[in-house]
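What you see below is based on every heavy atom in this structure, not just the backbone, and it leaves out hydrogens, waters and symmetry mates. A quick note: this is a predicted structure, and the numbers were derived from the prediction, not measured.
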Amino acid sequence: MGVSIVFMLILMAAALILPYLLRGDVRESANDISKYGQWAVPEKYSRLLVFPENVPSSAENVQYFYKFENGWTRPMCQIYLSCTLSQEEYEAEKERLAGLSFQSEAGTLSVREARGFAYPGYSAIEGYDFCYEYALLDEPWNHIVYVYTMNTIKQDIKFDKNYLPDNYMEGFEELSYMGLDRFTMYGGYEGPETAAGE
């Protein structure tokens, strides 16, 4: 009887502690734009090329959010930046986004026009290994939204969900991420044979 009570207490303690252990040891978050670009995302997943190196000082309506947890099984991350630019800066940024490419073992891959979004834009990653990296353009207002998410379910997103694609995190429960409908301009993680197609 005493052994079963001790065993039950151990199980209850494990159930309470396990979710915290699975989060891993690195947990970061910020919404202060002065910390922009200080991200812990492993290069294995993305080089975050869609995001500008710096937010122009003349940008207006700037909103920023970053959260990262390295996790023991799958890291989780979300980065969100939105801003309104002058006409000249907006046109220059559109040109930069349209010309993005990355050289990997799979060859040179480029961003593609974003698919399944409420706004036009450019995607570097669309659903590959449950990662998304893209920029959306709100043309009439010179407004740009930059997003990167990794293994983050819709309920945990901290920004406007209208900026997510229609098929966001589709198949996450089955971990079925290697279909031809997935895309990454970073060429996959293991070499050319894993690069997602158009």
>> Show, in sequence, the C-alpha distance, side-chain angles and deciding distance for Phe102 and Tyr186, and conclude whether the ring pair (Phe, Tyr, Trp, His ring centres under 6.0 Å) test is met.
In response: CA-CA 6 Å; Phe102 183 76; Tyr186 301 112; 5.2 Å; yes
I want to check something: taking the side chain as every heavy atom from C-beta on, are [X] and [Y] in contact at a cut-off of under 4.5 Å?
{"X": "Tyr168", "Y": "Thr152", "value": "yes"}
{"X": "Thr184", "Y": "Cys131", "value": "no"}
{"X": "Asn61", "Y": "Ser82", "value": "no"}
{"X": "Lys158", "Y": "Asn31", "value": "no"}
{"X": "Asp129", "Y": "Tyr45", "value": "yes"}

>> For a side-chain contact (heavy atoms from CB on, under 4.5 Å) check, start with the C-alpha distance between Lys154 and Met169, then their side-chain angles and the critical distance, and finish with the verdict.
In response: CA-CA 8 Å; Lys154 189 180 267 189; Met169 292 295 280; over 6 Å; no
Whether over 12 other heavy atoms sit under 6.0 Å from [X] [atom1]:
{"X": "Glu95", "atom1": "CD", "value": "no"}
{"X": "Glu113", "atom1": "CD", "value": "no"}
{"X": "Gln87", "atom1": "CD", "value": "yes"}

> Passes side-chain contact (heavy atoms from CB on, under 4.5 Å), Leu137 versus Leu97? Steps please.
Replying inline: CA-CA 10 Å; Leu137 308 170; Leu97 289 166; 4.3 Å; yes
> Distance-only, no hydrogens or angles: does the Arg96 side chain make a donor-acceptor pair with backbone N or O of Val50 under 3.5 Å?
Replying inline: yes
> Is a side-chain donor or acceptor of Glu126 paired with a backbone partner of Arg115 at a separation under 3.5 angstrom?
Replying inline: yes
Just how far is it from atom [atom1] of [X] to atom [atom2] of [Y], taken to the nearest 0.5 Å?
{"X": "Glu91", "Y": "Ser86", "atom1": "CD", "atom2": "OG", "result": "9.5 Å"}
{"X": "Tyr128", "Y": "Ser123", "atom1": "OH", "atom2": "OG", "result": "16.0 Å"}
{"X": "Phe117", "Y": "Asp166", "atom1": "CZ", "atom2": "CG", "result": "8.5 Å"}
{"X": "Leu164", "Y": "Leu136", "atom1": "CG", "atom2": "CG", "result": "9.5 Å"}
{"X": "Phe130", "Y": "Tyr132", "atom1": "CZ", "atom2": "OH", "result": "7.5 Å"}

Closest contact, heavy atoms only, [X] versus [Y]:
{"X": "Ala135", "Y": "Ile144", "result": "CB-CG2, 4.3 Å"}
{"X": "Ala40", "Y": "Glu28", "result": "CB-OE1, 3.4 Å"}
{"X": "Asn151", "Y": "Pro75", "result": "ND2-O, 2.7 Å"}
{"X": "Val41", "Y": "Met150", "result": "CG1-CE, 4.4 Å"}
{"X": "Cys83", "Y": "Ala59", "result": "CB-CB, 4.0 Å"}
{"X": "Phe68", "Y": "Cys77", "result": "CD1-CB, 3.7 Å"}

>> Tyr163: which residues meet the ring pair (Phe, Tyr, Trp, His ring centres under 6.0 Å) condition with it, sequence neighbours left out?
In response: Tyr119
>> Applying ring pair (Phe, Tyr, Trp, His ring centres under 6.0 Å), can you list everything that pairs with Tyr148, at least two apart in sequence or on another chain?
In response: none
> In a check of ring-ring contact (aromatic ring centres under 6.0 Å, His included) between Tyr36 and each of Tyr80, Tyr64, Tyr146, Tyr66, which one passes?
Replying inline: Tyr64
>> I'd like to know if Glu133 and Arg47 make a salt bridge, using a cut-off of under 4.0 Å between side-chain N and carboxylate O.
In response: no
>> Assess the residue pair Ile79 and Phe159 against the criterion (side-chain contact (heavy atoms from CB on, under 4.5 Å)); give the C-alpha distance rounded to whole Å, side-chain angles, the decisive distance to 0.1 Å, and a yes or no.
In response: CA-CA 9 Å; Ile79 305 172; Phe159 53 87; over 6 Å; no
> Per the side chain to side chain donor-acceptor pair (under 3.5 Å) rule, which among His143, Glu60, Glu89 passes with Thr84?
Replying inline: His143
> Is there a side-chain contact (heavy atoms from CB on, under 4.5 Å) between Lys94 and Glu139 once you walk through the steps?
Replying inline: CA-CA 10 Å; Lys94 268 178 58 176; Glu139 293 282 348; 3.3 Å; yes
>> Applying side-chain hydrogen bond (donor to acceptor under 3.5 Å, both in side chains) to Gln78 and Thr149, what does each step give before you reach the verdict?
In response: CA-CA 4 Å; Gln78 54 184 304; Thr149 66; over 6 Å; no
